[in-house]
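What follows is a single structure, written as structure tokens, with notes after it.
Ligands are counted one by one from 1 in listed order, and the atoms in each one are counted from 1 as well.
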Amino acid sequence: MERANLDWKNLGFALVPTDVNVVYRWRDGVWSAPEFRENFDLNLPMAATALHYGQAIFEGLKAFELADGRVAIFRPDENAARMQFGAKKLLMEAPPEDLFIEACVEIVRRNRRFVPPYESGAALYLRPFLLGVSAQVGVRPAVDYLFAVFATPVGPYFKGAKRTIRLRVDEEVHRAAPLGVGDVKAAGNYAAGMRAVSAAQRDGFDNVIYLDARESRYLDETGATNFYGVTHGSSGPSYVTPKSRSILASITNKSLMILAKDLGYKVEHRPVDVAELGSFSEAGAVGTGAGIAPVGSIEWRGKTYDYGDVPGPVTQALLTELTGIQRGTLGDRYGWLLPV
Ligand code: PLP
Ligand code: COI
């Protein structure tokens, strides 16, 4: 295999064209065979429900080159299940788990030359997505669906940030409602948050933390990640992460809750009052794109809560565990890697 000629060490989270994508269509009650394509455009009806009524959900997952040169995808079964959960909520037809995984595996294999080298620390990001494609003007679920996967090599999500990121609590915008679709990776949730994230970036922050929409009191998550803080009790560190009906159930966070316990930390998955910001010694923003982005500071109501400009010891330990498993240097004790 001859690797693509890219500056692997300086990739950001930006679209780099790759060789092949795949499209499946749900028509007449069955999923089509995969269509592998070199053209990255889609031909859709103007009246597709995805375009007008938001029947559009997506996933994000990564394939890593391991230390021994093999390539593996991290927890694709979890992404398949989350897409099914989202599809159910938006009355869409979801791809079965085996089809979802087959699509991801094939896209990694067929774009092998775009999997960043182990030493670069970068990864191949996979973007599966599902669209309602029936042409209709009435507001009701589509009959026909399109499921596709493309890939792009990525480096750090918060490229340009220092070793830790700066967040601010947003009190102007709610990302999602408790009885809405904040727990689904629905395209519209990201449009809903763009004005908050853009304003924060204009003011020099890397992203925002949203508050819950019912009371504007509890921490939800950032625009692209879940969140944790670290507290210290008599029994040692606690990994404290918000429980809320309006946040996405992050697969990274789910994994970190397990690894935190393995490290002997207490895990508190519960509503987290914004007033607790002052009780954290460390904080992190976690997701597939971001990995674990150590949080250096959070601004709330004009006050800055400082967590340091280098990752703290708990964050460092979690980073070592997670990247060690993802890169195959620590052993895959939970069976989280799917070798391709
Ligand atoms: N929250 C939001 C809003 C996200 O977009 C993401 C990214 O996928 C996450 C959390 C993290 O989820 P995961 O760890 O499954 O990638
Ligand atoms: C991810 O981390 O996979 C995401 O989807 C976050 C962002 C790119 C929307």
Side-chain angles (χ1 to χ4, degrees), residues 11-16 56-64 73-86 100 104 122-130 149-159 161 165 167 170 173-177 180-194 196-198 200-201 206-213 219-228 239 241-260 269 272 283-293 295 318-319 322-323 325-326 336:
L11 292 170
F13 200 86
L15 192 63
V16 172
I57 58 179
F58 70 98
E59 277 301 326
L61 63 170
K62 276 178 174 169
F64 299 95
I73 308 177
F74 187 68
R75 306 195 78 177
D77 52 325
E78 289 284 336
N79 295 88
R82 191 167 65 188
M83 178 166 271
Q84 290 187 354
F85 170 78
F100 181 103
C104 292
L124 187 70
Y125 181 75
L126 305 179
R127 173 53 65 82
F129 61 99
L130 180 67
V149 183
F150 68 83
T152 185
V154 295
Y157 189 77
F158 295 107
K159 191 173 189 239
I165 62 168
L167 300 175
D170 195 302
V173 175
H174 286 140
R175 171 184 173 275
V181 294
D183 56 350
V184 166
K185 219 159 158 57
N189 289 336
Y190 296 81
M194 279 182 189
V197 176
S198 295
Q201 287 168 343
D206 293 293
N207 214 297
V208 298
I209 301 188
Y210 295 106
L211 297 179
D212 79 284
L219 300 176
D220 258 359
E221 61 177 339
T222 85
T225 69
N226 276 188
F227 174 81
Y228 71 82
Y239 179 93
T241 190
K243 185 172 203 158
S244 159
R245 280 202 284 195
S246 47
I247 70 182
L248 191 73
S250 156
I251 295 158
T252 313
N253 198 14
K254 185 174 175 182
S255 309
L256 288 173
M257 286 190 256
I258 293 169
L259 299 179
H269 188 202
V272 181
V286 302
T288 297
I292 306 176
V295 174
L318 290 168
L319 268 165
L322 183 66
T323 53
I325 290 175
Q326 288 177 332
W336 286 345

* To do: Provide the number and element of each atom of ligand 1 under 4.0 Å from a heavy atom of Lys185.
  => 4 (C), 5 (O), 6 (C), 7 (C), 8 (O)
* With the side chain counted from C-beta on, respond yes when Thr241 and Met257 share a heavy-atom pair under 4.5 Å apart, and no when they do not. => yes
* **Spacing of CG belonging to Leu248 relative to CZ belonging to Arg82, to within rounding of 0.5 Å** => 4.5 Å
* Asked: Mind checking whether Lys185 has a heavy atom under 4.0 Å from ligand 2?
  -> yes
* Under the side-chain contact (heavy atoms from CB on, under 4.5 Å) rule, what do Thr252 and Thr225 come out as? Steps first, then yes or no, please. => CA-CA 9 Å; Thr252 313; Thr225 69; over 6 Å; no
* Output the distance between atom CG (Asn79) and atom CG (Leu61), rounded to the nearest 0.5 Å. => 4.5 Å
* Determine whether the side chain, the backbone, both or neither of Arg127 has a heavy atom under 4.0 Å from any heavy atom of ligand 2. => side chain
* Structure fact -> Of all protein heavy atoms, the one nearest atom 3 (O) of ligand 2 is Tyr125 OH, 2.7 Å
* Structure fact -> The reported gap from CG in Leu167 to CG in Leu219 (rounded to nearest 0.5 angstrom) is 10.5 Å
* Distance to 0.1 Å, residue and atom name: give those for the protein heavy atom nearest to atom 9 (C) of ligand 1. => Ala224 O, 3.6 Å
* Yes or no on side-chain contact (heavy atoms from CB on, under 4.5 Å) for Val197 and Val208, after CA distance, side-chain angles and deciding distance? -> CA-CA 6 Å; Val197 176; Val208 298; 4.1 Å; yes
* May I ask you to test the Tyr190-Lys185 pair for a side-chain heavy-atom distance under 4.5 Å? => yes
* **Protein contact to atom 9 (C) of ligand 2 [nearest heavy atom, distance to 0.1 Å]** => Tyr190 CE2, 3.5 Å
* Side chains of Val272 and Phe227: does their closest heavy-atom pair fall under 4.5 Å? -> no
* To do: Any chance you could lay out the side-chain contact (heavy atoms from CB on, under 4.5 Å) test for Ser255 and Phe74, step after step, and finish with the verdict?
  => CA-CA 11 Å; Ser255 309; Phe74 187 68; 3.7 Å; yes
* Asked: Can you tell me if Gly223 has a non-hydrogen atom under 4.0 Å from ligand 1?
  -> yes
* ligand 1 atoms in contact with Arg82 (distance to a heavy atom under 4.0 Å) -> 12 (O), 13 (P), 15 (O)
* **Criterion side-chain contact (heavy atoms from CB on, under 4.5 Å) on Ile251 and Thr288, from CA distance to verdict** => CA-CA 8 Å; Ile251 295 158; Thr288 297; 5.5 Å; no
* To do: Mind checking whether Glu78 contacts ligand 1 via backbone (N, CA, C, O), side chain (CB onward), both or neither, at a 4.0 Å heavy-atom cut-off?
  => neither
* **Close-contact set for ligand 1 against Thr252 heavy atoms, below 4.0 Å** => 13 (P), 14 (O)
* Report the part of Arg175 in contact with ligand 1, treating N, CA, C, O as backbone and CB onward as side chain, heavy atoms under 4.0 Å; options are side chain, backbone, both, neither. => side chain
* Side chains of Tyr125 and Val16 in contact at under 4.5 Å (non-hydrogen atoms) -> no
* To do: Before signing off on this row, confirm whether Ile251 and ligand 1 have an N or O atom pair separated by under 3.5 Å.
  => yes
* To do: Decide whether an N or O pair under 3.5 Å exists between Glu221 and ligand 1.
  => yes
* Asked: Which bit of Thr225 is near ligand 1, meaning a heavy atom under 4.0 Å away: side chain, backbone, both or neither?
  -> backbone
* **Subset of ligand 1 atoms that lie under 4.0 Å from at least one heavy atom of Ser250** => 11 (C), 12 (O), 13 (P), 14 (O), 15 (O)
* **Enumerated ligand 2 atoms positioned under 4.0 Å from heavy atoms of Phe58** => 5 (O)
* Structure fact -> Under 4.0 Å from one or more heavy atoms of Thr288, ligand 2 contributes atoms 2 (O), 3 (O)
* To do: Identify the protein heavy atom lying closest to atom 2 (O) of ligand 2, giving its residue, its atom name and the separation to 0.1 Å.
  => Gly289 N, 2.7 Å
* To do: For Phe13, take its heavy atoms, then give the atoms of ligand 2 lying under 4.0 Å from any of them.
  => 8 (C)
* Structure fact -> Rounding to 0.5 Å, atoms OH (Tyr228) and CG (Leu256) come to a distance of 7.0 Å
* **Nearest protein heavy atom with distance in Å, relative to atom 5 (O) of ligand 1** => Tyr190 OH, 2.5 Å
* Asked: When rounded to the nearest 0.5 angstrom, what distance separates CG in Asn189 from CG in Asp183?
  -> 8.5 Å
* Heavy atom of the protein closest to atom 16 (O) of ligand 1 (residue, atom name, distance) -> Thr288 OG1, 2.6 Å
* Atom indices of ligand 2, in the order listed, that fall short of 4.0 Å to a heavy atom of Tyr157 -> 7 (C), 8 (C)
* To do: Below 4.0 angstrom from a heavy atom of Ala224, which ligand 2 atoms are there? Numbered from 1 as shown, please.
  => 6 (C), 7 (C)
* Asked: If you measure from CD1 on Ile292 to OG1 on Thr323, what distance do you get to the nearest 0.5 Å?
  -> 7.5 Å
